[in-house]
2 protein chains.
Amino acid sequence: MLLRVGELAKRTGLTVRTLHHYDEIGLLKPSMRSDAGYRLYRRQDVARLHHIQALRSLGMSLTDIGALLDRPSSSLTAVIERQIQMLERKIADQAQLRDRLVALHRQFENGDEPEMDDWLKTLEMMTMYDRYFTREELDRLPLYRVDDDRQAEWKTLIGEAQDLIRQGVPPSYRAAQELAQRWMTTLERDTAGDPTLLDKLNAMHANEPEVQAQMGISTQVSEYVMRAFAESKLAIYHRYLSEEEFSFMRQRYPQRMHEWPTLMAKLRQQLEQGTPPQAPAVQQLAREWLELLRSFAGDDPATHEKIRRANEQEPALQANVWMTERMKEYLGKAIAHLTAS
Amino acid sequence: MLLRVGELAKRTGLTVRTLHHYDEIGLLKPSMRSDAGYRLYRRQDVARLHHIQALRSLGMSLTDIGALLDRPSSSLTAVIERQIQMLERKIADQAQLRDRLVALHRQFENGDEPEMDDWLKTLEMMTMYDRYFTREELDRLPLYRVDDDRQAEWKTLIGEAQDLIRQGVPPSYRAAQELAQRWMTTLERDTAGDPTLLDKLNAMHANEPEVQAQMGISTQVSEYVMRAFAESKLAIYHRYLSEEEFSFMRQRYPQRMHEWPTLMAKLRQQLEQGTPPQAPAVQQLAREWLELLRSFAGDDPATHEKIRRANEQEPALQANVWMTERMKEYLGKAIAHLTAS
DNA sequence: CTTGGAGGCTCACGTCGCGTGAGGGTCAAG
DNA sequence: CTTGACCCTCACGCGACGTGAGCCTCCAAG
């Protein structure tokens, strides 16, 4: 019962080189050598090889197999559970990649062979998104899902904005305000009402000229829309404030309104983590929130009260703010606790 | 618009080393160097890098990406289709492995931490099967599916056979014959009635002492059962043949009956490939078939006729032969064409 | 006795996409 | 002038072998 490499290889379906390799790394050393130096495998060696093959078929690395066989400390059950988890992860990753490829493929399959450039642009957008969002976020982000209707909708909105800018219509005009409101409604829908997603999306647009170019949302366009959106809110507050209060607010509000999404995103994350409103982190957010408010509303409590009343009585002020009832309540508690202490 | 490696790395989320690597292999060479030898990337380089990242996110190799970008000969559609296929294969493989691991895990989870040896033995059996069967075959092989009832059934059968042998009961006795018939019925069920699977299973048992030891089916046992099975068939033929014919057959039949499965497997493969019965390959099989028949039935056409009649009239002879109606018909045509020419 | 072919041996480089130092230069700020 | 951040090249390492090159050993046939 002495086998030479070739015979053992044939019997096990491995190659001679593989057996040499196992010998080199000390995983399976033949327990004998002939006078000429030939490897001679005994029954026990063959048995060990069978163990090795069995464990290999589980996808284990040679190092791990060696460790397991030489000192069978850890249980095989644990090993197998690890392997299963690893496989699950790999499978999920690859399935996701495949789905993306299939989607990409479908997108271009009607119509003739598309230009290389179109492919690459679409692909680059996708990888951009990958860099700014995690996989779960992408799953939750409606904007990410390729959808012709949605795309057409945005093209229209952007086109309208560009037209208004070209015609020199100021952001304070009703046409601009109306567009800005539709814009935000669509955006709120396409970010699933999640300020975290909105915030990351803003970051992406701010940092990546490529994305701006691709979608046609230049800095100019987004600033115009932001401004017009601010005007639409201000127009409502106007009815609740004195002329003096209003002009103060009108000067300051647009300058810092872009800070809202980041703040809301942080707040929402705390809420979802189940942090109590009294926790230091949340209290800090509440402080920043009030600071932001004061930065455009001034320090007069009377003014704050007017704003609160406006927010309560005007449903239009409650729209497009990426706020849920739960978040309002949470924020309310945090601020109450802050001012009480 | 000149970027140094570090800045470009930060912007793209890659590492400096990665960019060095791309430079080394010629995938992305910065179009400028500073006097001190610093890599300086221009807008066009950045654009190329974006293309690279996009294609990488499809899972393409760097070599392929380089080829595609430098001479955009082949269409991206084709590339993507290839990638999708590759992924599908990988996913299927890994899913199968995972399923096996899960099955293995379940098998041992009731009961306490099993012995390492039990694990390994089960595993080794699995890898054995892997070596002798393709994946699709394993899917079709009921024997491969771990099933306690089935396993108990085989344990019983094997135990009975061992008892009979121990007690010295000859294979010609009714008890042995009856056991052999149950054995074959079970075997036919557990090979899904497919002679190809039966044949490979036989090969595995013959070549792998490990498997024999594990299941308890020693050469002695399987030969005993085969013999008894032969006797059970012969007992029926006895009623149709002269004493002389019968004793001739009884001497020869057991010696070559093990050739049936291989022959049937080949025949079935031809049938499934849609080869016409007149094709040379099938004719050759028909010749071998007749030769095998003659080897134990002799050359007298009258004897052959008796055997044919027995086969027709005795349903018991039709059982446990891994033959479907379609195969009988196919073989009939092949033999008819052979004898006619 | 030789010869040829099958099989064995060791040594060593290649794969793929970088990570991770080592050892040393460059540049702007303090 | 120093400091620290950034840059350079060179080179090994990973994992599981594939693929030679150059040489040795064994057995059967001429």
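Letters A, B, ... are given to chains in the order of the sequence lines, protein chains preceding strands, and every chain is numbered from 1. For clarity, every value in this text was computed on a predicted model and none was experimentally measured.
The two atoms that bring B:Leu87 and A:Leu97 nearest to each other are CD1-CG, 3.7 Å, heavy atoms only.
The distance between atom CG of A:Leu28 and atom P of D:dC17, rounded to the nearest whole Å, is 13 Å. Spacing between atom CD of A:Gln53 and atom P of D:dC17 amounts to 11 Å, rounded to whole angstrom units. Spacing between atom CG of B:Leu19 and atom C1' of D:dC7 amounts to 13 Å, rounded to whole angstrom units. If you measure from atom CG of A:Leu55 to atom P of D:dA16, you get 13 Å, rounded to the nearest angstrom. Put simply, CG on A:Leu2 is 19 Å from P on C:dG7, counting in whole angstrom units.
A salt bridge does not link A:Asp23 with A:Arg17: none of the charged nitrogens is closer than 4.0 Å to a carboxylate oxygen.
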Protein within reach of the bases, or only the backbone? For nucleotides 8-23 of chain C, mark each nucleotide 5' to 3' as B, S or -, using heavy atoms under 4.0 Å. SSB-B----BBBB---
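Taking CZ of B:Arg11 as the reference point, atom OH of B:Tyr41 lies at 14.0 Å (rounded to 0.5 Å). Note that CD of B:Glu24 and CG of B:Leu19 are 11.5 Å apart. Values are rounded to the nearest 0.5 Å.
A side-chain donor-acceptor contact under 3.5 Å links B:Glu208 and B:Tyr132. Of the N and O atoms on the side chains of B:Arg287 and B:Gln284, at least one donor lies less than 3.5 Å from an acceptor on the other residue.
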